[in-house]
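The structure appears below as structure tokens.
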Protein chains: 2
Amino acid sequence: MREEKADPVEIFVAFLRREGLNVTRSRLAVLRAIAAQPKHFEVAELQSSLRAQVSPATVYRTLGLLERAGLVRKLSFGETHAHYERAFGREDHGHLICQRCGRVWEFPIEGMRATLEKAAQTTGFSLREVVVEGYGVCRDCREAEPV
Amino acid sequence: MREEKADPVEIFVAFLRREGLNVTRSRLAVLRAIAAQPKHFEVAELQSSLRAQVSPATVYRTLGLLERAGLVRKLSFGETHAHYERAFGREDHGHLICQRCGRVWEFPIEGMRATLEKAAQTTGFSLREVVVEGYGVCRDCREAEPV
DNA sequence: CTCCATGCAAATCTTTTGCAATCCT
DNA sequence: AGGATTGCAAAAGATTTGCATGGAG
């Protein structure tokens, strides 16, 4: 019987040990802050939720590690700065992004990973993350200014 | 009988007129340069292909217009600077991005737009662009350094 | 004790903007 | 002519990096 680790902290600690890196107070604080964020967040939001606990440089460095550990996913939402989302404790899903107000809706994409897996196999690719995004205009914005 | 315009220049000109904007030498040069780019490109690449013809500021401004006109799509490929691809004369497709070497493979995603359309309808969203990306490690990189 | 990690500030890079000169229509 | 557009240089952001100091194993 295999025990699946679902706890992001355990996963992160295991990742760090495997890489010969230290488990530090700052790194854990960033992970904790992410768990407390809404589903997606910008780096600035994460930083202010960690105000004074962790420097910006370390927040960036830790996001990179969490990404490598598969605990966080980087998204852009069409903007010039990065957005992130937790990759743990969530079903696969896509995002609908309003190009006017920037709000984001999620929707299920079961089955889509299978399509990508197949394409990946054909290419000899080992697939880690799947990102599905739809850009357009939400109802509110359309009503506010048709066009 | 309706005549479908497939020519990007015609589409762009129509878009500009509709918006009360001028059809300028620079704008057309940017569009022409894009048509000559490989499927995806970075802004820096586009700029150097336009060396001295169009200033960087105008390249950025024009990319924004082309995006609004639906002739170009913005992608990030997980990097901090923008990538673009032509949105004309192409079937819907997804991208597989290697997180080690940055190379990109395309693959067909017929049917995926339908899934997004459905989600969009549910949300009252008017859908314009679809982006499907898979991140992972390509065969070459895996062979070069397993892990 | 030996590396690794952190903070700080400086450095990079990309993208955006203000403004005077120039181009479209 | 009259508003739109451009280039230039400066500004604004976001992210990365060098280095001396403090922390984990």
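Below, chain A is the first sequence line, B the second, and so on; all start at residue 1. From a predicted model like this one, the values you see are computed outputs, not experimental measurements.
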Heavy-atom contact window of chain B on DNA chain C, given 5' to 3' at under 4.0 Å
C:dT14 to C:dT25

Taking the side chain of A:H81 as its heavy atoms from C-beta onward, which of D:dA24, D:dA14, D:dT17 lies nearest to it?
D:dA14

Classify the side chain of B:R61 versus the base of D:dG7 as yes if they form a donor-acceptor pair under 3.5 Å and no if they do not.
yes

For B:R25, does the CZ atom sit with more than 12 other heavy atoms under 6.0 Å from it, leaving out its own atoms?
no

Nearest-angstrom distance from the residue atom NE2 of A:H83 to P of D:dG13
15 Å

Hey, does A:V104 have a side-chain heavy atom less than 4.5 Å from the side chain of A:L75?
no

Pairwise 5' ranking along DNA chain C for B:A44 and A:N22, keeping only the more 5' one:
A:N22

Just checking A:A82: base, sugar-phosphate only, or nothing, at a heavy-atom cut-off of under 4.0 Å?
sugar-phosphate

Non-hydrogen atoms of B:A29 and B:V54 that approach each other most closely:
CB-CG2, 4.1 Å

Starting at atom CD of A:E19, determine the distance to atom P of D:dG25, rounded to an integer number of angstrom.
16 Å

Length of the CG-P vector between A:L65 and D:dT16, whole Å:
12 Å

Could you check if a side-chain atom of B:L66 sits within less than 4.5 angstrom of a side-chain atom of B:V30, using non-hydrogen atoms only?
yes

Taking only heavy atoms on the protein side, list every residue of residues 26-38 of chain B lying under 4.0 Å from any atom of DNA chain D, sorted numerically.
B:S26, B:R27

When rounded to the nearest 0.5 angstrom, what distance separates OH in B:Y84 from CG in B:L71?
13.0 Å

If you compare all heavy atoms of B:V72 against all heavy atoms of B:R86, which two are closest, and at what distance to 0.1 Å?
CG2-CA, 4.5 Å

What's the closest nucleotide to the A:R25 side chain, out of D:dA24, D:dC8, D:dA4?
D:dA24

Pick the nucleotide of DNA chain D nearest each of B:T24 and A:P56; which residue has the one closer to the 5' end?
B:T24

From CG of A:L16 across to P of D:dG23 the rounded distance in Å is 19 Å

Going by the ring pair (Phe, Tyr, Trp, His ring centres under 6.0 Å) test, which pairs reach into residues 29-51 of chain B, not counting sequence neighbours?
B:H40-B:F77, B:H40-B:H95

Straight-line distance of A:S76 OG to A:E133 CD, nearest 0.5 Å
5.5 Å

Just to be sure I understand the rule, does B:Q53 reach a base, reach only the sugar-phosphate, or reach nothing, if contact means heavy atoms closer than 4.0 Å?
sugar-phosphate

Nearest-angstrom distance from the residue atom OH of B:Y60 to P of D:dC8:
16 Å

Under a 3.5 Å cutoff, is there a donor and acceptor pairing between the side chains of B:H93 and B:E110?
no

